[in-house]
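Read through the structure below, which is laid out as structure tokens, and then see the notes.
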Amino acid sequence: MGGSLSLVPVLDYFARRDFLAAGLRPNAVTLPYPDGGAGATCTVHYWAPPGEPRLPPLLLVHGFGPRATWQWRCQVGPLSRHFHVVVPDLLGFGGSTYPFETAPPPSEATQAATLAALLDALPGMEGRRVAAAGTSYGGFVAYWLARAAGAGRVGPVVIASSDLLKTAADDRGFLKRAGEGWSGVDQILLPAEPAAMRKLLELASYRPPPRAMTPDFLLRDFIQKLFTENRERLVHLLKGITVGTEKFQVTPIPQDVLIVWGDHDQLFPLEKAFAVQRSLNGSARLEVVKKTGHAPQLEDPARFNKVMLDFLLAAHKPDPSV
């Protein structure tokens, strides 16, 4: 009987409830797929308040992992009091789709171009400047969007737990921290067995859940619903990542930038936060959230939200297009 228990629908329910309580509603739009050739389209699912923005727009970009609603559920309430919050599913995640059987996997540049098209398609948002925040893989996309669109389109940028300078050496360091028995980073990031899922939780969290609270049958259910059912698509998406290659060169950007990092992040260790700050000419502000891992927005949402709101409200300037 215990093997039939699933917490995924329960977590989905509470995350959706937080989004609905913040005034966001789910929707979807069909757009041209930037890398698909003539006639190729993609569908972008997103959450946003209905109608045209009455508050400054803010884009929240999720990472490579659980649903966007899970990753930003602690932020949408506080942020929606000050901003018109838009939370998309990146291509290949959640309800957003692209022609992965016939088209190349989306790179960070492709994801960013799709988000720019999404923003232009939303009511009252075409050409309007937005703030952007991305966590982990979403930070890669948010950075690229800010650089490609320019300061006239994208205002202040928050890069959270996102190693823009990741290299193959960083992957080797990750495997060393994981211990023996792992053949590659994807074996942990896309777990197929409870041991890999437990290792991922251990590396991503400052206080991972105790083993008694994560029996194997529960982890298998998470693996089935979050990874196994979408494994082919997730593997395809991993192949599209260009961070660490010549296609993803980090250069300073004109926007105000906030870097947020957990001091116990074992996926992207804290020293990489300082390296990212230096790569942006040292002009970015860095905030370290103590006693958190790779997802400080979930492990210490009160501190994370205060840091993010203080930065965004101070950096916000009136949009000349309004």
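Throughout, residue positions are numbered sequentially from 1 according to the sequence presented.
Between the side chains of Thr245 and Thr242, no donor-acceptor pair is found at a separation under 3.5 Å. Side-chain contact, Trp47 with Asp89: no donor N or O sits under 3.5 Å from an acceptor N or O.
When side chains are defined from C-beta on, Leu203 counts as touching Phe174, because their heavy atoms get closer than 4.5 Å. Counting heavy atoms from C-beta outward, Tyr137 and Leu189 have side chains that stay 4.5 Å or more apart. No side-chain heavy atom of Met308 sits under 4.5 Å from any side-chain heavy atom of Glu287. Side-chain contact between Leu258 and Pro156 is absent, with no heavy-atom pair separated by less than 4.5 Å.
Under the 6.0 Å cut-off for aromatic ring centres, Phe248 and Trp144 qualify, their centroids lying closer than that.
Sorted by first and then second residue, the pairs that involve residues 142-153 and meet salt bridge (Lys or Arg N to Asp or Glu O under 4.0 Å), not counting sequence neighbours, are Asp120-Arg153.
We find the CG-CG distance between Leu118 and Asn27 to be 10.0 Å, quoted to the nearest 0.5 Å. In this structure, Gln297 CD and Asn305 CG are separated by 9.0 Å, a value rounded to the nearest 0.5 Å.
Note on Arg285 versus Asp256: no salt bridge recorded, every NZ/NE/NH1/NH2 to OD/OE distance being 4.0 Å or above. Salt bridge present: Lys166 and Asp171 bring a charged side-chain N and a carboxylate O closer than 4.0 Å.
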(request) Could you please spell out the steps behind the side chain to side chain donor-acceptor pair (under 3.5 Å) verdict for His294 and Ser136? (result) CA-CA 8 Å; His294 189 61; Ser136 194; 2.9 Å; yes
(request) Carefully, step by step, assess Asp12 and Trp70 under the rule side chain to side chain donor-acceptor pair (under 3.5 Å). (result) CA-CA 7 Å; Asp12 268 337; Trp70 294 16; 2.9 Å; yes
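Residue Glu271 places its CD atom among more than 12 non-hydrogen atoms of other residues, nucleotides or ligands, all under 6.0 Å distant.
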